[in-house]
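Presented below is the structure to which this report refers.
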There are 2 protein chains.
Amino acid sequence: MSRPKPQKRATVHDIAAAAGVSRGTVSRVLNGGYVSAEARAAIEAAITDVGYVPNNAARTLKMRRSQAVAFVALEPHSLFLDDPNIGAIMLGANAALSLADHQMVSLVVESARDTERVARYLSGGFVDGAIVVSARTRDPIIKVIADLRIPAAFVGHPPELSDSIPFVGIDNVGSARSITARLAASGRRRIGMIAAALDRDSGLDRLTGFKNALGTEFDPSLVADVPHYDYGSGVKGMRLLLEREPAIDGVFAASDAIAAGALEALREAGRSVPGDVGVVGFDDSTWAVRCQPQLSTVHQPAKELGSFAAQLVLRQLAGEQVEHHGELLDTPIIWRDSA
Amino acid sequence: MSRPKPQKRATVHDIAAAAGVSRGTVSRVLNGGYVSAEARAAIEAAITDVGYVPNNAARTLKMRRSQAVAFVALEPHSLFLDDPNIGAIMLGANAALSLADHQMVSLVVESARDTERVARYLSGGFVDGAIVVSARTRDPIIKVIADLRIPAAFVGHPPELSDSIPFVGIDNVGSARSITARLAASGRRRIGMIAAALDRDSGLDRLTGFKNALGTEFDPSLVADVPHYDYGSGVKGMRLLLEREPAIDGVFAASDAIAAGALEALREAGRSVPGDVGVVGFDDSTWAVRCQPQLSTVHQPAKELGSFAAQLVLRQLAGEQVEHHGELLDTPIIWRDSA
DNA sequence: TTGTAAGCGTTATCAC
DNA sequence: GTGATAACGCTTACAA
């Protein structure tokens, strides 16, 4: 029992036959070239008549261009389920690609099986380039993409091995330093941090920024180290901090989701925010305005990250040699009510 | 200044030349056919030697199969940014497709421009089938897909016009009825609902289920009608309900996000949950366990919806005539602490 | 078991 | 302006 072939569809050949012209002429009206008004009319009539739809595979084979760009999400589980940013990044990338008449196709890499299949897909000509959102560095597919020499761009810190691939990201160290400094400037004396995902660049960098801001005031016992950027981790981290230092009066949470969890833990401990404790987050995601009080946080321009990465790929596709290999986007501090 | 063609890559022809055999033999080792051990060895050596990577466009053109299935997300803005389910549905679909060695490519339809481009993409042979997650019915692309006669499946209620396309969903009416009944059975007398997205089937159906459960007890003034399935709407809806009926002691929220918002509004009004007011949600999303107290809710099997939809497409691809056109998955009630 | 050759649907290069 | 014709890289009868 073999798989049935899809029904046969009308081709350029059929149009040509129906319109009484040659395939070349048909192709010319399809792609825009010199063709007489009458021929054009006849062909256009024939096109709708036979119900023609172009075959992308054939066109790609001939043109060596698919007009498609992949959006590769590594670690999609944590990305899609915990991180509210990935959706915005996707949408930003799609908008930019759409404007340039490119189709964004997003691929999910969750298993070893996926890694291999996606690698084949990327290398097979179905896409002209790739945007990679890498939650964690050192994913096997990163090497694959570098080896493929396909026009690509990373969102987030680029893994060490592929400095040939441009990226766009944010200054995690600087942003963390700024918001911590601002928190300190509001008069807080005992400031702690709920640090998350220290196995990722972003997590590590935010901790570094925190240390930088505090300088000699920095107290390692006021850092709670939690695994993920999620709400539950925030609750646990805050409880830990309260236990270690009841006099704590300021907290930098490594993400808004964590900050939201921290708010919950503070509420259960009977502390008022921002009265007793000032809390700041990171991301300016939907969490930030869902909380009570709303979070003061670092705005992460997710949409812009996506569209910038798309531009990076499009420029390479246009033959431009992308010069500076990394770009950091601005992350304004949004000061709301939680600190 | 025309776009540069990508560098030339090794082809089957090159392998054949390097191994001193014909293209046919090379193809045979690539696809698994009779070939002598020595020829096989020589060819495999040549493959790695010349750095061969197969050209999918050519293969698809010949085979009329891309081994790819599209995952089309309509209204991605609300879907990706507000709805925690879409990620899980995607992951479920991807896992199922991956097992069948198909590549899931997800496409986002956000603008009219997108609609047209995606329609071209779907019809052009880049994918063998499509899974459509339609937040709202009557999206223009739905007709396109129906007309395309490409193997497809919907997640969620199928729009009226395309009863030719199978779907998988949940029984929103029944689920809403069940959880409302259970809430009533816990002794609540004045039960209200925060109804959302009444322009969608899901929203309407959940309201219907609520009415059904209450029967003659149903009081239209205890329904707050909000636009979206999000936290903010929950806060507003609950405030409205409290204003209209201070004696309210039970609330069915149309989604977990809404329930979370309702909890916030109840807290600010000084009502205890579940003491003064019992609250139930819908979805069993990440919200449900982030709340304090954790939500009693209807479990929506998002991952399974995705994988079922994938199966629906795969079965059509295998030539099977998909018989019953709609399947509803179970939605067990998860009873936690909020009621 | 292997080679040959045709053809998938398109676009592009030529003559006319 | 338009019509032949040759690719693009691959698979697959059919011969050998």
Side-chain angles (χ1 to χ4, degrees), chain A residues 2-44 46-47 50-68 120-121 123-126 128, chain B residues 2-3 5-44 46-47 50-67 120-121 123-126 128:
Chain A
S2 85
R3 296 174 141 205
K5 301 283 185 209
Q7 68 194 74
K8 178 147 176 58
R9 302 228 252 225
T11 72
V12 166
H13 189 91
D14 300 325
I15 301 175
V21 296
S22 79
R23 306 211 292 282
T25 311
V26 174
S27 182
R28 254 165 250 133
V29 2
L30 255 22
N31 299 292
Y34 292 120
V35 47
S36 69
E38 49 203 322
R40 177 178 298 274
I43 291 171
E44 278 169 350
I47 286 179
V50 302
Y52 171 73
V53 345
N55 182 318
N56 277 327
R59 172 174 290 197
T60 298
L61 176 58
K62 183 65 184 171
M63 307 284 268
R64 304 168 123 122
R65 281 277 175 189
S66 61
Q67 296 285 103
R120 282 202 310 270
Y121 191 87
S123 57
F126 273 166
D128 299 334
Chain B
S2 84
R3 295 173 143 206
K5 302 284 186 210
Q7 68 195 74
K8 176 145 178 60
R9 302 228 252 225
T11 72
V12 166
H13 188 90
D14 301 324
I15 301 175
V21 296
S22 80
R23 307 211 291 279
T25 312
V26 174
S27 182
R28 254 163 248 135
V29 3
L30 254 22
N31 299 292
Y34 292 119
V35 48
S36 69
E38 48 204 323
R40 178 177 299 274
I43 291 171
E44 279 168 350
I47 286 179
V50 303
Y52 172 73
V53 343
N55 181 318
N56 277 327
R59 169 174 291 194
T60 298
L61 176 57
K62 182 66 185 171
M63 306 284 268
R64 303 168 123 121
R65 282 277 175 190
S66 61
Q67 297 284 104
R120 282 203 309 270
Y121 191 87
S123 57
F126 273 165
D128 299 333

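Convention: sequence-line order gives letters A, B, ...; per-chain numbering from 1. Quantities reported herein were computed from a predicted structural model and do not represent experimental measurements. Values below: all heavy atoms of this structure, side chains included; hydrogens, waters and symmetry mates excluded.
The interatomic distance linking Glu38(A) (CD) with dT2(D) (C1') rounds to 12 Å, in whole Å. Atom pair Ile15(A):CD1 and dG3(D):P shows a separation of 14 Å (rounding to whole Å applied). Distance CE (Met63(B)) to C1' (dA6(C)): 16 Å, rounded to an integer number of Å. Atoms CG (Asn55(A)) and P (dG7(C)) sit 18 Å apart, rounded to a whole Å. Taking atom OH of residue Tyr52(B) and atom C1' of nucleotide dG9(D), one finds them 8 Å apart after rounding to whole Å. Atom CZ of Arg28(B) is separated from atom P of dT12(D) by 10 Å (rounded to the nearest Å). Atom pair Ile43(A):CD1 and dG1(D):P shows a separation of 14 Å (rounding to whole Å applied). Distance, His13(B) NE2 to dG3(C) C1': 14 Å, rounded to whole Å.
Test Val12(A), Ile43(A), Asp14(A) against Tyr52(A) for side-chain contact (heavy atoms from CB on, under 4.5 Å) and you get one pass: Val12(A). Of the residues listed (Val26(A), Val21(A), Val29(A)), the one engaging Ile15(A) in a side-chain contact (heavy atoms from CB on, under 4.5 Å) is Val26(A), and it is the only one.
Contact annotation: the side chain of Thr11(A) never approaches that of Asn55(A) to less than 4.5 Å [non-hydrogen atoms, C-beta and beyond].
Checking dG3(C), dG3(D), dG9(C) against the side-chain heavy atoms of Val21(A) singles out dG3(D) as nearest. Closest contact between the side chain of Arg23(A) and the listed nucleotides dT11(C), dA4(D), dG9(D) involves dT11(C). Looking at the side chain of Arg64(B), the nearest of the listed nucleotides dT2(C), dG9(C), dT11(C) is dG9(C). In this structure, the nucleotide among dC8(C), dT2(D), dA13(D) sitting nearest to the side chain of Val35(A) is dT2(D). Closest to the side chain of Thr25(A), from the set dT10(C), dT2(D), dT1(C), is dT2(D).
Side-chain N or O atoms of Thr60(A) include one that pairs as donor or acceptor with a backbone N or O of Asn56(A) at under 3.5 Å. Without hydrogens or angle criteria, Arg9(A) side chain to Ser123(B) main chain gives a donor-acceptor distance under 3.5 Å.
Nucleic acid contact class of Ala57(A) (heavy atoms, under 4.0 Å, all strands): none. Using a 4.0 Å heavy-atom cutoff across all strands shown, Ser27(B) reaches at least one base atom of the nucleic acid.
If Leu30(B) and Leu61(A) are placed on DNA chain D by their nearest nucleotide, the residue sitting closer to the 5' end is Leu61(A).
The base of dA7(D) sits with one of its N or O atoms less than 3.5 Å from a complementary donor or acceptor on the side chain of Lys62(A). For dG1(D), its base never sits under 3.5 Å from the side chain of Arg40(A) at any donor and acceptor pair. In terms of polar N and O atoms assigned as donor or acceptor, the side chain of Arg9(B) never comes within less than 3.5 Å of the base of dG9(D) in a complementary pairing.
Applying the 4.0 Å criterion to OP1 and OP2 of dG9(D), one finds that Arg59(B) has every side-chain N and O outside that range. In this structure, Ser36(B) reaches the dT2(C) phosphate: one of its side-chain N or O atoms is under 4.0 Å from OP1 or OP2. Look at Tyr34(B) and you won't find any side-chain N or O under 4.0 angstrom from OP1 or OP2 of dT12(D).
By the ring-ring contact (aromatic ring centres under 6.0 Å, His included) test, Tyr121(A) is found to be paired with Phe126(A), residues two or more places apart in sequence or in another chain being considered.
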